[in-house]
Amino acid sequence: MTVIVRDFRPRDAESFSRVRRLALPFMLSTPQSVAYDVTHAHPDAHVRPLVAEEDGEVIGTAQTGIAYDSPQPGQGYLNVYVHPERRGRGAGSLLVRTAEERLAEVSATKLFAWVLDEPANRDFAERLGYRASRSAHFLRLDLANGSLPPRRPTPADVELRTAADFADDPRPLFELDAQTLLDEPSDIAHEFTDYEAWLKETWHHPLLSHELTSVAVVDGRPAAFSAARTDGGTRYGTVMTGTARAHRGRGLAKLAKNDSLHRARAAGFTEAFTGNDSGNEPMLAINKWFGYEICATEVHHVRQLG
Ligand SMILES: CC(C)(COP(=O)(O)OP(=O)(O)OC[C@H]1O[C@@H](n2cnc3c(N)ncnc32)[C@H](O)[C@@H]1OP(=O)(O)O)[C@@H](O)C(=O)NCCC(=O)NCCS
């Protein structure tokens, strides 16, 4: 039984997504989203996913690429997940080493990998030369049985809309997403400066629900938003909540996210997921207010190349 690692092929989308969902059930993934991410990636991102295969079965996956939207060049990432019942066969190490070689070829100098916070995973990363950095939590909210905070009256100068209302011109949402992203704590600084890339990677992403994404508008401009993804089943995920700097601290993030969650529950979604850097105190406070509970923690691991 030999484990091999090879490039992802379009027909792997189904098994790639299945392994990801088994290894990381808090993140939404579908075969369509896997295929879309590969075919619509920015050329500078050098996205080149890998699979580990044993006897024709995909047992491990790696997402690899360069954080091309970071002002710091050479920052590569590799996120490796092995089927929980196929661990200990060498798939993880082989995926990491192959990804590292590929990333070095495209001039990566620093590598980042998310590692679920369990002793075996952390030991694995440390043995391969990675050191722990920031951590982040996955949070889950039971929409079917839990209770949401009641809707509050919308302030007189605020209007609640959905992303679908911006279908003719989503640029104001791009601008708000770009501004708020700058303030999200993270090891890798990201900047959205390329509107066409944002349209492809965010706006047209197959998991983004324009209908369930809520936007709080003040003076005709988006001031806060909560961006929702859905997986075609009953799972809903928030990919970003943000409030323009000038409008923070007046409850607009809570307002937008509560609107989205109430509408998601009414539409039949039963579970809500999100992820927050463990140092993002305002967002963790907001999610606690909604009733989200931490369901897993992952630790970013870093390795300097060369
Ligand atoms: C996080 C963010 C969305 C909050 O937006 P906001 O509109 O100011 O949020 P709200 O006013 O609705 O609620 C903020 C809550 O956080 C609490 N809060 C603020 N700073 C806090 C801190 N340091 N520690 C704990 N709680 C804090 C406030 O007290 C408030 O709760 P309250 O209503 O009980 O007073 C905004 O700061 C932002 O855009 N940050 C950058 C983007 C980001 O990190 N988004 C989250 C990505 S996962």
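For ligands, and for the atoms within them, numbers begin at 1 and follow the listed sequence. Numbering of residues begins at 1 and proceeds along the displayed sequence.
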Trainee: Considering only non-hydrogen protein atoms, determine which one is nearest to atom 36 (C) of ligand 1 and report residue, atom name and distance to 0.1 Å.
Mentor: R248 NE, 3.5 Å
Trainee: Give a yes/no on ligand 1: does G275 have at least one heavy atom closer than 4.0 angstrom to it?
Mentor: yes
Trainee: Should the pair H205 and Y36 be assigned to parallel (<30°), tilted (30 to 60°) or perpendicular (>60°) ring geometry?
Mentor: perpendicular
Trainee: May I ask you to identify the nearest protein heavy atom to atom 22 (C) of ligand 1, giving residue, atom name and distance to one decimal place in Å?
Mentor: E281 CB, 3.7 Å
Trainee: Any salt bridge linking E293 with R140? Criterion: basic side-chain nitrogen under 4.0 Å from a carboxylate oxygen.
Mentor: no
Trainee: Given R250, H247, K254, which one has a non-hydrogen atom that is nearest to atom 32 (P) of ligand 1?
Mentor: K254
Trainee: Residue-level breakdown please: for T243 versus ligand 1, do any non-hydrogen atoms fall below 4.0 Å on the side chain, on the backbone, on both, or on neither?
Mentor: both
Trainee: So, R131 and E126, do they make that salt bridge, N to O below 4.0 Å?
Mentor: no
Trainee: Heavy-atom pairs closer than 4.0 Å: do any link ligand 1 to the side chain of P282, the backbone, both, or neither?
Mentor: both
Trainee: Under 3.5 Å, is there a donor-acceptor pair between the side chain of R263 and the main chain of E211?
Mentor: yes
Trainee: Distance under 4.0 Å to a non-hydrogen atom of N276: what atoms of ligand 1 satisfy this?
Mentor: 48 (S)
Trainee: Could you list the atoms of ligand 1 found under 4.0 angstrom from a heavy atom of I286?
Mentor: 4 (C), 9 (O), 13 (O), 14 (C), 15 (C)
Trainee: Using a strict cut-off of less than 4.0 Å between a Lys/Arg side-chain nitrogen and an Asp/Glu carboxylate oxygen, indicate whether E159 and R161 qualify as a salt bridge.
Mentor: yes
Trainee: Honestly, is R171 close enough over Y195, meaning NZ or CZ under 6.0 Å from the six-membered ring centre and within 45° of the axis?
Mentor: yes
Trainee: Is it the side chain (CB and beyond), the backbone, both or neither of L284 that lies under 4.0 Å from ligand 1, heavy atoms counted?
Mentor: neither
Trainee: Do the side chains of M27 and F273 get nearer than 4.5 Å, heavy atoms only?
Mentor: no
Trainee: Report yes or no: does a heavy atom of G249 sit under 4.0 Å from some atom of ligand 1?
Mentor: yes
